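Take a look at the structure below.
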Amino acid sequence: GNVRGFTTRKYGRLKEGMMLTEANLNKSDIIIASESGYVSKAQRHLEGYKQVGNQPIQTNDRKRKNTHNGGVCVWLKKDSRFSVLATQTIDEVPNLQAILIILRGNIKIFAFYRSPSQSLEELQKTTRLLEKLDRNTCIVGDLNIDADWEEETIGATNHREEKIEF
């Protein structure tokens, strides 16, 4: 889920507690958080889980330099029956933070956060990246897109007027 501001002093512990409560109620082996706000080497510890992937916010963007928005993180329960074979950080598209996790049994999870401030060109690059993923990949994240499924168009994002057909 989206845990915007997870690292803030004011709400960070509350959001951590809510996320762990929900994970325990659902007996979740994997927790995926978009808009986690992480910066490199500053990850949140979750009791009973180990972090297996962290894609921090893109700090090279001047507008987002001191923000808690963006980022994506994945945790795996310490006593999980799953084990991680590989993780890959995907950072080839501006304003998209993503991680590809491959678990034993060739289970693939693509976790991501897409900023609503992406340009149309960046959105098209995101679309091409998603199209290249293996059909057996579970895609989890925050697209920040208003889609009209009947018209098959993607509407304005972040007060933009352009629409693209899919």
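Treat the numbers as computed from the prediction; the structure is a model and nothing was measured.
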* Please tell me if the side chains of L133 and I139 come closer than 4.5 Å, counting only heavy atoms from C-beta onward. => yes
* Where is the tightest heavy-atom contact between P94 and E122, given as atom of each residue plus distance? -> CB-OE2, 3.2 Å
* To do: Any chance you could measure E47, atom CD, to W75, atom CH2, to the nearest 0.5 Å?
  => 13.5 Å
* For S80, side-chain contact (heavy atoms from CB on, under 4.5 Å) partners two or more places apart -> D29, L76, K77, F82
* Step-by-step side chain to side chain contact (heavy atoms under 4.5 Å, CB included) determination, L129 to E131 -> CA-CA 5 Å; L129 174 68; E131 288 171 344; over 6 Å; no
* **Taking every non-hydrogen atom, the tightest pair across I99 and V72** => CD1-O, 3.6 Å
* Does L96 reach the side chain of K125, with side-chain heavy atoms less than 4.5 Å apart? -> no
* **Heavy-atom pair of closest approach, residues L123 and R114** => CD1-NE, 3.3 Å
* Asked: Pick from I101, V84, V52, L103: which one makes a side-chain contact (heavy atoms from CB on, under 4.5 Å) with I30?
  -> L103
* Structure fact -> Taking every heavy atom of A23 against every heavy atom of I31, the minimum-distance pair comes out as CB-CD1, 3.7 Å
* Please tell me if the side chains of I102 and I107 come closer than 4.5 Å, counting only heavy atoms from C-beta onward. => no
* Straight-line distance of Y113 OH to N95 CG, nearest 0.5 Å -> 8.5 Å
* To do: Nearest 0.5 Å please: distance from the CG atom of L100 over to the CD1 atom of I109.
  => 9.0 Å
* Indicate the atoms forming the closest heavy-atom contact of K78 with K50, along with that distance. => CG-N, 4.0 Å
* Asked: Between atom CG of L143 and atom OG of S34, what is the distance when rounded to the nearest 0.5 Å?
  -> 10.0 Å
* At their closest point, which heavy atom of C73 faces which heavy atom of Q51, and how far apart are they? -> SG-NE2, 2.8 Å
* With sequence neighbours excluded, tell me which residues meet side-chain contact (heavy atoms from CB on, under 4.5 Å) with R135. => none
* Hey, does L20 have a side-chain heavy atom less than 4.5 Å from the side chain of L46? -> yes
* Indicate yes or no: at least one non-hydrogen side-chain atom of F112 is less than 4.5 angstrom from one of T126. => no
* **Audit row: R128, Q124, side chain to side chain donor-acceptor pair (under 3.5 Å) steps and yes/no** => CA-CA 6 Å; R128 287 192 296 274; Q124 290 168 335; 5.0 Å; no
* Salt-bridge contact D134-K108 (side-chain N to carboxylate O under 4.0 Å) -> yes
* To do: Could I get the full list of side-chain contact (heavy atoms from CB on, under 4.5 Å) partners for N26, not counting sequence neighbours?
  => E22, S28
